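Note that the coordinates shown come from a computational prediction; the quantities given were computed from them, not determined experimentally.
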There are 2 protein chains.
Amino acid sequence: MEEGTSESPSHRESTVDHGGADPFQWDTREDCQVRQILDRIADKWSLLVIALLDNRRLRFTELRREIDGVSQRMLTVTLRSLERDGLVKRTVHPVVPPRVEYELTSLGRTLHTTIQSLVTWTEAHQKEIAAARTAYDTRAARAAEATTP
Amino acid sequence: MEEGTSESPSHRESTVDHGGADPFQWDTREDCQVRQILDRIADKWSLLVIALLDNRRLRFTELRREIDGVSQRMLTVTLRSLERDGLVKRTVHPVVPPRVEYELTSLGRTLHTTIQSLVTWTEAHQKEIAAARTAYDTRAARAAEATTP
DNA sequence: CTGTATCCTTCTCGATACTG
DNA sequence: CAGTATCGAGAAGGATACAG
């Protein structure tokens, strides 16, 4: 597998070294911890997997069917990453044909809860964002039309 | 500019159409609203910009200096996206040389607040995640060594 | 100073084929 | 059923040059 490991090829230590006493200081470095988590939950499929696994155990094919559009490859890669991070538990039943089930770990469930606040924010503000986009695009269009009348 | 517009080339309406009464139903579609917001804050630089702009007005060059590693191009692209979404306000002072200042909008500040819960979660669980990764990698290494002794 | 335009490299992801 | 392996298209992002 050529990806999915994301074993930070960085030259710097990943451990945060806040200079002061600030409990939560944003990290301007590229290998920031928050960025790593965000990259995980914001990639194309992880969010959906975490959502669908909420309080359920699902088989590979069930996930694949529910997600609609995910390739076999990407579902595998996504699940491996989530498993590696301890967010998803993978259970292989030694039967034939193989039966593999996925479920959130307790850590995964706490992340799910946290993500909900983001979902809530999005639900609450999507109108504003849509409006801002429209306004911006309208202004941009008018500016372009002023340059080329 | 070949990017940054992200004018959803989707064939479907973006407005959410939950079938039932669930206040927050996850959307399995690709053009899900939450995904759009996540893509914004999880791209390589937006999170840092939002973080640095917290309660401050900064000039282009000041942002560039503070972010460390961002290219001129990507800072511009990032700021334009954030501005388009109504998260950042751009103020041009008609002087020469030009002076442009950026600050969070009130919408941007609420997003900043929301993101903090994710930062908090990350701070609280980064040890667990690191441990999970180590454990997974160790298991994987042992498995590989068992196949090729 | 604050951008925009272009080129070019790197990475991601999907399609496809094959396996235990 | 649940993957793994390989390949290629396209997007993202950095370097560089130029402009108002």
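- Across the protein-nucleic acid pair, R65(B) atom CZ and dT2(C) atom C1' stand 14 Å apart, rounded to whole Å.
- In this entry the distance linking CD of Q72(B) with P of dT4(C) reads 10 Å, nearest Å.
- A salt bridge does not link R59(B) to E101(B): none of the charged side-chain nitrogens sits closer than 4.0 Å to a carboxylate oxygen.
- Ranking dG20(C), dC1(C), dG14(D) by closeness to the P98(A) side chain, first place goes to dG20(C).
- Computed from coordinates, the E101(B) CD to dG3(C) C1' distance equals 16 Å when rounded to whole Å.
- Between dT2(C) and R59(B), a contact under 4.0 Å exists linking OP1 or OP2 to a side-chain N or O.
- We find that D39(A) and R35(A) are joined by a salt bridge, their nearest charged nitrogen and carboxylate oxygen being less than 4.0 Å apart.
- Residue R64(B) has no polar side-chain atom (N or O) positioned under 4.0 Å from OP1 or OP2 of dT2(C).
- Under the side chain to side chain donor-acceptor pair (under 3.5 Å) rule, R56(B) has a single partner from E66(B), E62(B), E103(B), which is E66(B).
- Between Y102(B) and dG3(C) there is a side-chain N or O to OP1 or OP2 distance below 4.0 Å.
- Here the P atom of nucleotide dG3(C) and the NE2 atom of H93(B) are 13 Å apart, to the nearest Å.
- Note: CE (M74(A)) to C1' (dA5(D)) measures 15 Å, nearest angstrom.
- At the phosphate of dA2(D), OP1 or OP2 sits under 4.0 Å from a side-chain N or O atom of T61(A).
- Residues V100(B) and G69(A) both approach DNA chain C. Their nearest nucleotides, taken by heavy-atom distance, put V100(B) toward the 5′ side.
- In this structure, CG of L63(B) is placed 14 Å from C1' of dG3(C), rounded to the nearest angstrom.
- Each of L79(A), L87(A), L104(A), I41(A) was checked for a side-chain contact (heavy atoms from CB on, under 4.5 Å) with V49(A), and the lone residue meeting it is L79(A).
- We find that CZ of R80(B) is positioned 11 Å from P of dA5(C), with the value rounded to whole Å.
- Between R99(B) and dT2(C), a side-chain N or O to OP1/OP2 separation shorter than 4.0 Å is absent.
- For the OP1/OP2 pair of dG14(C) and a distance below 4.0 Å, the side-chain nitrogens and oxygens of W45(A) include at least one atom meeting the criterion.
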CA sep, side-chain torsions, deciding dist, call: S117(A), T114(B), side-chain hydrogen bond (donor to acceptor under 3.5 Å, both in side chains): CA-CA 7 Å; S117(A) 76; T114(B) 304; 5.9 Å; no
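- Rounded to whole Å, atom C1' of dA11(D) lies 13 Å from atom CG of D43(B).
- Side-chain nitrogen and oxygen atoms of R90(B) include none within less than 4.0 Å of the OP1 or OP2 phosphate oxygen of dT2(C).
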